[in-house]
There are 2 protein chains.
Amino acid sequence: MSRRLCVIGVGLIGGSAARRARGLFGEIIGVDADSDNLEQAEALGVIDRGCDHPEQGAETADFVLIATPVGAIEPLFRGLQPVWRSDCVYTDVGSTKGNVIEAARRVFGKVPGNFIPGHPIAGAERSGVEAADSGLFEGKRVILTPLPDSAPEALARVEEFWTYLGAKVEQMEAGRHDEVLAATSHLPHVLAFTLARMLGRKDEQAEIFRYAAGGFRDFTRIASSDPRMWLDICRANREPLLQLLGEYETALREVAALIRSDDAGRLYACFSEARSAREKFLQLTENNHA
Amino acid sequence: MSRRLCVIGVGLIGGSAARRARGLFGEIIGVDADSDNLEQAEALGVIDRGCDHPEQGAETADFVLIATPVGAIEPLFRGLQPVWRSDCVYTDVGSTKGNVIEAARRVFGKVPGNFIPGHPIAGAERSGVEAADSGLFEGKRVILTPLPDSAPEALARVEEFWTYLGAKVEQMEAGRHDEVLAATSHLPHVLAFTLARMLGRKDEQAEIFRYAAGGFRDFTRIASSDPRMWLDICRANREPLLQLLGEYETALREVAALIRSDDAGRLYACFSEARSAREKFLQLTENNHA
């Protein structure tokens, strides 16, 4: 397929992709602002060699995977602009797509046809190259949000890349991607962070965590996610997220009102509807994995 | 220890307790309003024989474990009152304790000294006797909320019972129990139900569940819990739960305001505090299991 892969940001996602992509490339170059992390990636064999500067790493690559935090993408585009090559394919893994597209427009005037915005839906609350796992994308969805001007051959190569990594590739309009992910990922993360923080304060007064069980552990797992990454995501996808936070607040007040008025019938209907919704989600997910 | 155990409500909790308690009793009688469930429990060997009426089942028992939904306890006490024996020990597994104590006071005038309110913190979103698991209580906490009038020998026997089942028994004042569990269990359940319901409606319009990942699966796991059981719990523990729902709403509005005003510094501090709180919870839980 290609000869040289450059992974910019060798964390969990970039590192996992590099591990699995080895068979596709003759050489894998890693770029990371954290030189210790880069050394570790090299020592682990995730990359062949490290490079401090994105433009150096990308200059000679045939395929550039941008796996930095979402907030770092615009300055990165500025750095890459002087060495941007028409015979190279560029893609990213950002959890939000509208802001990445806007950043590209600001830097390049228009989104380059050989940059295909992408998002592998494969998170984990772990981070860092030491958690890199070549099976991370197996059976997972990768959403690409190409634009009308996207080059078909660049799109085909990015699809080929993720398919090789075991993922199922889909295309979606960027705005819809951001709305869907705000609902299924960004909102739950904010809810979990908010609960963990609130109960952490209570725990300092009254040691409540000792009595929390497995349900609480699962519910708050995503609150162990990287705060820096989630800060970026919340800022990047602010409008859809705020919209959903408002809707959630309304839905929560509705349930609270049913509890307050002891409306057993409607409260039961709420909980039943919730359980049915989750069963439907589980069925869909099982089909996905099949 | 005792000769005959009567388990009233042979679901996940009652069935799991019966499975593990076999070595302590010569005979295990199961009582359940659902006769199919009772037949299944007998067929599975979870109980020795089934009985439709609580008073018949409890009449000749030495130890009665009440494992019905919380909302069924008051009528059950009324049924048991005529056959209540001073040489038998009674305990329950209700997720809320204040309402069980109030129900006992209403039925008996005062809480009988040989009834020890209890709560094994070992839930699962599964339910029914077919999910019964003799290891369910291994290493889990059981909170007993005895009263000043509780008989020390009854308390000792209930402690002995749960210890035999592998649990770690603690005592707590009932009001504190209800506040702690509202925070660590009841609030998260209501939050998860509310999210699953809200997103279920969105999914009907826009198929968002296909793009939800593992984080969402874990976050909403508790939304698969039995709606009937959670209706009872919300009604039984209404005041502490409403208090916390109000606090959560305030906390959520605070986070939404930080996102709206793009206050990166404070938002990062929020998420970091949340992550630290969860790490603390995980450490405590690991210590608990050690």
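Protein chains get the first letters and strands the later ones, always in sequence-line order, with residue 1 at the start of each.
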For a quick test of reading the model, state the closest non-hydrogen atom pair linking [X] to [Y] and the distance between them.
{"X": "A:S224", "Y": "B:E279", "answer": "OG-OE2, 3.7 Å"}
{"X": "A:R235", "Y": "B:D262", "answer": "NE-OD1, 2.7 Å"}
{"X": "B:P188", "Y": "A:L195", "answer": "CG-CD2, 3.9 Å"}

Measure the spacing between [atom1] of [X] and [atom2] of [Y] and express it to the nearest 0.5 Å.
{"X": "B:S272", "Y": "A:F193", "atom1": "OG", "atom2": "CZ", "result": "8.5 Å"}
{"X": "B:E204", "Y": "A:K280", "atom1": "CD", "atom2": "NZ", "result": "5.5 Å"}
{"X": "A:E249", "Y": "B:T250", "atom1": "CD", "atom2": "OG1", "result": "9.0 Å"}
{"X": "A:I259", "Y": "B:H186", "atom1": "CD1", "atom2": "NE2", "result": "11.0 Å"}

Any donor-acceptor pair under 3.5 Å from [X] side chain to [Y] backbone:
{"X": "B:R141", "Y": "A:R210", "value": "yes"}
{"X": "B:R197", "Y": "A:F271", "value": "no"}
{"X": "B:R278", "Y": "A:R217", "value": "yes"}
{"X": "B:Y248", "Y": "A:L191", "value": "yes"}

Practice problem: Any chance you could lay out the side-chain contact (heavy atoms from CB on, under 4.5 Å) test for B:R228 and A:Y268, step after step, and finish with the verdict? | Solution: CA-CA 7 Å; B:R228 175 80 226 170; A:Y268 179 79; 4.1 Å; yes
Quiz item: With respect to chain A, which residue among B:V180, B:L245, B:L242 yields the maximal number of heavy-atom pairs within a distance under 4.5 Å?
Solution: B:L242
Quiz item: Where do A:R176 and B:Y211 land on the side-chain contact (heavy atoms from CB on, under 4.5 Å) test, with the steps shown first?
Solution: CA-CA 11 Å; A:R176 169 151 151 79; B:Y211 306 102; 4.1 Å; yes
Exercise. Quick one: which of A:L244, A:D232, A:V190 has the most heavy-atom pairs under 4.5 Å with chain B, could you say?
Key: A:L244
Heavy-atom cut-off 4.5 Å, strictly under: side chain, backbone, both or neither for [X] against chain B?
{"X": "A:S185", "value": "neither"}
{"X": "A:E239", "value": "neither"}
{"X": "A:L252", "value": "both"}

Practice problem: Could you please spell out the steps behind the side-chain contact (heavy atoms from CB on, under 4.5 Å) verdict for B:S225 and A:R275? | Solution: CA-CA 7 Å; B:S225 303; A:R275 179 155 80 164; over 6 Å; no
Quiz item: Around atom CZ of A:R266, are there more than 12 heavy atoms of other residues, nucleotides or ligands at under 6.0 Å?
Solution: no
Quiz prompt | Crowding at CD, A:E207 (>12 non-hydrogen neighbours, <6.0 Å) | solution = no
Practice problem: Take the angle between the ring planes of B:F281 and A:F216 and call it parallel below 30°, perpendicular above 60°, tilted in between. | Solution: perpendicular
